[in-house]
Participant: 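Sending over a structure as structure tokens; questions will come in a sec.
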Amino acid sequence: MNVIQLRDLCYRWPGQTRDTLAIAELQVPQGEHLFIRGASGSGKTTLLNLLAGILIPASGSLAILGKDMGNMNGSARDRFRADHMGVIFQQFNLLPYLSVLENVQLPCHFSARRKQQAGDMQASANRLLDHLGLEEGLRHRSVTDLSVGQQQRVAVARALIGSPELLIADEPTSALDTDTRNGFLDLLFQEAEAQGSTIIFVSHDPHIASHFPRVVDLTEINTPHPSPLPQGEREQEALP
């Protein structure tokens with residue numbers, strides 16, 4: 001089964017005369033690890049927001065796990081995202097007033113499905129943090145006490161808890177050195193494979209691409225074009 005299936009997808013920000021995204025087709029099968037490469041401003045974050053159901057296409061079709069995102073209302077998309085997707089943000093978006101363990105368990109409080117999948121939430125959170133190498137003594141402390149690398153492990157554990165089918169990563173390695181980045185990717189792949197999750201990872205960093213079995217350059221599949229001018233404006237442009 002394709003976890004992601006999109007066809008003739010277009011999205012344009014309000015007030016713009018040119019599509020931000022115009023993608024003829026993209027299919028991502030279950031369990032694949034896909035790297036999407038693109039420069040800043042190329043539409044990577046817009047694509048992720050469409051995949052996550054935060055935005056909806058202006059035209060075309062977008063199905064996630066067989067569900068047409070364009071046919072869902074906002075609250076249905078929010079529930080679907082909470083149940084089936086884990087998101088790793090570039091800035092991690094951890095809550096400073098919660099402990100490490102509380103941050104990791106947070107998705108289970110928004111999704112009965114992920115809570116059921118996790119079972120004992122604290123045990124599941126500890127297991128993930130064990131695998132990701134976060135010291136036990138840090139887990140009841142605020143995430144603000146952690147280094148950037150440690151916060152990243154918490155963000156990954158939060159995305160993975162409850163075994164979501166789709167993991168979306170928005171440039172989460174941008175603040176890391178090479179060794180830490182490579183170690184992070186190894187841990188991410190290991191955990192995703194253990195639970196059968198599909199990974200969509202976007203970045204402008206070409207060095208990360210070598211870690212992925214499939215790489216897509218967004219500029220090669222995205223062919224935006226401006227709308228034609230109304231008839232009156234075309235006639236005025238043609239005047240000397």
Side-chain angles (χ1 to χ4, degrees), residues 1-7 9-11 13-14 20-21 23 26-34 36 43-99 101-125 127-128 143 154-170 172 188 191-192 194-202:
M1 181 184 74
N2 285 324
V3 172
I4 296 171
Q5 175 80 58
L6 65 83
R7 188 180 300 275
L9 178 145
C10 289
Y11 183 82
W13 289 101
T20 300
L21 291 175
I23 301 175
L26 179 65
Q27 300 178 15
V28 183
Q30 183 178 2
E32 184 168 68
H33 299 169
L34 171 64
I36 299 178
K44 299 189 306 298
T45 298
T46 301
L47 177 58
L48 290 189
N49 285 337
L50 286 162
L51 296 177
I54 297 169
L55 302 174
I56 57 173
S59 61
S61 62
L62 169 60
I64 306 293
L65 296 166
K67 300 292 185 181
D68 188 338
M69 303 298 281
N71 286 338
M72 297 183 190
N73 61 30
S75 60
R77 294 196 307 273
D78 289 344
R79 289 194 302 271
F80 186 82
R81 179 170 59 253
D83 284 343
H84 301 286
M85 302 182 198
V87 183
I88 308 169
F89 300 94
Q90 184 174 2
Q91 302 301 326
F92 309 146
N93 290 6
L94 301 173
L95 300 184
Y97 52 84
L98 297 180
S99 71
L101 280 172
E102 289 168 337
N103 266 282
V104 174
Q105 296 173 65
L106 194 60
C108 297
H109 295 293
F110 294 100
S111 168
R113 179 192 176 278
R114 288 177 72 174
K115 183 176 181 179
Q116 182 179 19
Q117 290 279 102
D120 183 325
M121 291 192 299
Q122 183 160 322
S124 182
R127 181 189 64 80
L128 286 166
V143 290
V154 177
V156 173
R158 182 183 61 184
L160 287 164
I161 197 167
S163 302
E165 295 97 321
L166 177 60
L167 295 175
I168 295 176
D170 186 6
L188 177 63
E191 290 298 319
Q195 61 187 38
S197 297
T198 302
I199 299 175
I200 306 296
F201 193 112
V202 302

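Both backbone and side-chain heavy atoms feed into the values below; hydrogens, waters and symmetry mates do not. Quick caveat: nothing in here was measured; it's all calculated off a predicted structure.
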Participant: For the OG1 atom of T20 and the CG atom of L47, what is their distance to the nearest 0.5 Å?
Facilitator: 11.5 Å
Participant: If you define the side chain from C-beta out and look only at heavy atoms, does anything of I200 sit under 4.5 Å from I36?
Facilitator: yes
Participant: Does M85 offer a backbone N or O that forms a donor-acceptor pair with the side chain of R114 under 3.5 Å?
Facilitator: yes
Participant: Can you tell me how far the CG atom of D78 sits from the CZ atom of R81, to the nearest 0.5 Å?
Facilitator: 4.5 Å
Participant: For the residue pair P164 and Q195, establish whether any side-chain heavy-atom pair is separated by less than 4.5 Å.
Facilitator: yes
Participant: Distance check, rounded to the nearest 0.5 Å: D120 atom CG versus K115 atom NZ?
Facilitator: 11.0 Å
Participant: Between N2 and Q27, does any side-chain donor sit less than 3.5 Å from a side-chain acceptor?
Facilitator: yes
Participant: Could you grab the distance from atom CZ of R7 to atom CG of L62, nearest 0.5 Å is fine?
Facilitator: 12.5 Å
Participant: Quick one, L188 and F201 - any side-chain contact, counting heavy atoms below 4.5 Å?
Facilitator: yes
Participant: M121 versus C108: any side-chain heavy-atom pair under 4.5 Å?
Facilitator: yes
Participant: Do M69 and F80 come within less than 4.5 Å of each other through their side chains, counting heavy atoms only?
Facilitator: yes
Participant: In the structure I gave you, are the side-chain heavy atoms of I199 and E32 within less than 4.5 Å of one another anywhere?
Facilitator: no
Participant: Could you tell me which non-hydrogen atom of L101 sits nearest to which non-hydrogen atom of A125, and how far apart they are?
Facilitator: CD2-CB, 3.8 Å
Participant: If the threshold is 4.0 Å, N to carboxylate O, is there a salt bridge linking R113 and E165?
Facilitator: yes
Participant: Pair L55, W13 - check side-chain contact (heavy atoms from CB on, under 4.5 Å), show working.
Facilitator: CA-CA 10 Å; L55 302 174; W13 289 101; 3.7 Å; yes
Participant: State, with a plain yes or no, whether a side-chain heavy atom of L95 is found less than 4.5 Å away from one of L106.
Facilitator: yes
Participant: Give the minimum heavy-atom separation between P57 and L50, together with the two atoms involved.
Facilitator: N-CD2, 3.6 Å
Participant: Distance check, rounded to the nearest 0.5 Å: D83 atom CG versus L166 atom CG?
Facilitator: 13.0 Å
Participant: Does C10 reach the side chain of L21, with side-chain heavy atoms less than 4.5 Å apart?
Facilitator: no
Participant: Can you see which heavy atom on L167 is nearest to which on A192, and at what distance?
Facilitator: CD1-CB, 4.0 Å
Participant: Could you walk me through whether R77 and I56 pass the side-chain contact (heavy atoms from CB on, under 4.5 Å) test, one step at a time?
Facilitator: CA-CA 10 Å; R77 294 196 307 273; I56 57 173; 3.3 Å; yes
Participant: Minimum heavy-atom separation for A118 to I161, with atom names?
Facilitator: CB-CG1, 4.2 Å
Participant: With rounding to the nearest 0.5 angstrom, report the OG1 to NZ distance, T46 to K44.
Facilitator: 9.5 Å
Participant: Report yes or no: does N103 contribute a side-chain atom to a donor-acceptor pair with the main-chain N or O of L98 at less than 3.5 Å?
Facilitator: yes
Participant: Using a 3.5 Å distance criterion without hydrogens, assess whether the side chain of R158 forms a donor-acceptor pair with backbone atoms of I88.
Facilitator: no
Participant: Of the non-hydrogen atoms in P96 and L94, which two are nearest, and what is the gap between them?
Facilitator: CD-O, 3.4 Å
